[in-house]
There are 2 protein chains.
Amino acid sequence: MTGQVRTVDGRVAGRRGQATRQKLLDCLSEMLSSSPYRDVKVIDVARKAGTSPATFYQYFPDVEGAVLEIAEQMAAEGAGLTELLEGRSWTGKAGWQTAQELVDGFLDFWRKNDAILRVVDLGAAEGDKRFYKIRMKILNSVNNSLTNTVKELQAKGKVDKDVSPAAMAGSLVAMLAAVASHQKGFQSWGVKQAELKPNLALLVHMGVTGRKPTR
Amino acid sequence: MTGQVRTVDGRVAGRRGQATRQKLLDCLSEMLSSSPYRDVKVIDVARKAGTSPATFYQYFPDVEGAVLEIAEQMAAEGAGLTELLEGRSWTGKAGWQTAQELVDGFLDFWRKNDAILRVVDLGAAEGDKRFYKIRMKILNSVNNSLTNTVKELQAKGKVDKDVSPAAMAGSLVAMLAAVASHQKGFQSWGVKQAELKPNLALLVHMGVTGRKPTR
DNA sequence: CGGTAAGCTGACGGCATGACAGGACAAGTG
DNA sequence: CACTTGTCCTGTCATGCCGTCAGCTTACCG
């Protein structure tokens with residue numbers, strides 16, 4: 001599916017080359033966690049990887065290109081978020097648990113990948129379609145699942161007809177993503193993680209089912 | 001309160017100087033709308049303003065410093081968002097209208113200032129306290145007001161006791177901000193503005209009051 | 001008109017970028 | 001072992017942006 005890994009000038013990369021490439025990606029990833037995106041320089045990444053800037057340019061057109069690569073890897077993992085929703089029930093106590101586990105899983109994933117997700121978010125907001133697509137890829141798994149759930153409940157008459165399933169799901173997913181990327185902010189706002197999660201779960205549950213959960 | 005405008009080397013700016021300074025800010029602002037934050041260069045801003053890079057450095061320590069200035073100006077305007085909530089009712093039809101107007105005003109403000117808000121969001125997410133403070137300044141007006149409303153309703157027994165007002169308000173505000181900054185994204189997701197707003201209002205209303213609105 | 005401070009810029013060393021050609025290295029072949 | 005081949009890395013270079021300084025121009029004031 002992914003095809004062969006290639007250098008910028010078209011040659012296929014061997015075992016050694018791929019190792020170097022991956023090391024550069026790892027170092028870039030680390031760099032993104034510790035310094036502002038704007039200040040990440042090719043030369044620093046190369047130095048950290050114990051190689052030269054020229055090597056970097058052999059594998060990536062520029063910093064952005066490498067970031068896209070990292071984001072792509074993360075998006076592949078992120079597809080696993082679907083499991084948080086597949087075959088889950090949204091009724092009764094099970095529904096409350098579904099909501100809680102969704103929030104939990106989502107926040108965990110975001111915390112694990114916060115640095116790269118920040119950059120993806122920026123790129124998407126700036127209108128870059130490549131970043132936007134990656135963001136979609138991650139959120140779509142959750143979003144589609146939520147959209148379908150709302151549609152089903154709507155068909156059964158359990159949710160108001162004038163709710164737009166896609167808009168509702170999108171809003172909830174956007175909320176989760178936003179809260180996740182500002183988790184530290186909330187803490188210094190005087191809100192503790194332990195308080196945050198139940199509230200998010202509550203909002204998700206009410207948004208999807210239109211009702212308060214039974215706990 | 002703001003004191004005199006000063007150059008980097010400590011001189012006070014006169015009429016002419018302030019005009020140049022403002023022109024640089026305007027050009028930077030325009031630049032942020034049209035090109036990625038990472039690619040905004042001092043020399044481009046200076047050229048656009050019909051001046052030299054050296055002049056830029058006379059008024060700002062670097063690009064980030066100038067961005068903070070623009071953000072500060074915007075934050076001052078953003079304090080006006082409080083009006084969307086002051087003295088509003090959250091009961092009955094009036095409550096539904098309050099929620100709708102909050103969503104409307106919020107999305108408008110964000111769309112007007114999307115370029116600079118993107119950068120502020122990034123800075124805050126990266127842990128820069130100066131950007132974080134500005135983000136707070138904008139969101140706090142709405143956040144505090146919502147927090148108080150939830151507290152009051154809770155005191156009257158109309159909202160569950162185990163809801164944390166601060167967490168709930170923060171989550172809702174984060175949702176509004178996130179949806180606002182990805183408005184274009186929603187559109188290509190197949191969700192229309194007209195559908196989005198009522199759904200956001202619904203979530204806000206349910207989050208604050210714990211009940212579905214009466215329309 | 002002369003003094004003073006504000007305002008602007010040319011020019012410079014320093015550093016990142018991105019391209020290239022060539023050297024180092026591993027693996028296969030006779 | 002010598003030789004070949006193809007991959008992989010780096011030294012080096014032209015280019016362009018960064019951030020600073022001394023010095024020139026402009027505006028204001030007595």
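In what follows, chains are A, B, ... by sequence order, proteins preceding strands, each numbered from 1. Computation of the quantities below employed the complete heavy-atom set of this structure, encompassing side-chain atoms and omitting hydrogens, waters and symmetry-equivalent molecules.
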How many Å lie between [atom1] on [X] and [atom2] on [N], as a whole number?
| X | N | atom1 | atom2 | result |
| --- | --- | --- | --- | --- |
| A/Q18 | D/dC8 | CD | C1' | 13 Å |
| A/Q58 | D/dG6 | CD | P | 17 Å |
| B/D9 | D/dG23 | CG | C1' | 14 Å |
| A/F60 | D/dC8 | CZ | P | 13 Å |
| A/K41 | C/dC15 | NZ | P | 14 Å |
| B/R16 | C/dG7 | CZ | C1' | 6 Å |
| B/D39 | D/dC17 | CG | P | 12 Å |
| A/R47 | D/dT10 | CZ | P | 13 Å |

Quiz item: For DNA chain D, whose closest nucleotide is more 5', that of A/G50 or that of B/D62?
Solution: A/G50
Quiz item: Which sits closer to the 5' end of DNA chain D, A/T51 or B/R11, going by the nucleotide each is nearest to?
Solution: A/T51
Exercise. Answer with yes or no whether the side chains of B/D26 and B/Q22 bring together a donor and an acceptor at under 3.5 Å.
Key: yes
Exercise. Validate the cation-pi geometry between A/R38 and B/Y37: distance from NZ or CZ to the six-membered ring centre under 6.0 Å, angle to the ring axis within 45°.
Key: yes
Quiz item: Between A/P61 and B/R15, which is nearer to the 5' end of DNA chain C once each is assigned its nearest nucleotide?
Solution: B/R15
Practice problem: For C/dC8, take OP1 and OP2 only and decide whether either is under 4.0 Å from a side-chain N or O of B/T55. | Solution: no
Quiz item: Can you find a side chain N or O atom of A/Y57 that sits less than 4.0 Å from OP1 or OP2 on C/dG18?
Solution: yes
Self-check item: Residues touching DNA chain C, which here means a heavy atom under 4.0 Å, drawn from residues 20-38 of chain A
Solution: none
Quiz prompt | Plane angle bin for A/W96 and A/H205 - parallel if under 30°, tilted between 30 and 60°, otherwise perpendicular | solution = perpendicular
Exercise. Quick one: list whatever passes side-chain contact (heavy atoms from CB on, under 4.5 Å) with B/R16, sequence neighbours left out.
Key: none
Quiz item: Which part of the nucleic acid, if any, lies within contact of A/F56, taking any heavy atom under 4.0 Å across all strands shown: a base, the sugar-phosphate backbone alone, or nothing?
Solution: nothing
Quiz item: Looking for any heavy atom pair under 4.0 Å, which part of the strands does A/Y59 touch: base, sugar-phosphate only, or nothing?
Solution: sugar-phosphate
With a 4.0 Å cut-off on N to O distance, would you call [X] and [Y] a salt bridge?
| X | Y | result |
| --- | --- | --- |
| A/D39 | A/K41 | no |
| B/D121 | B/R118 | no |
| A/R130 | A/E64 | yes |

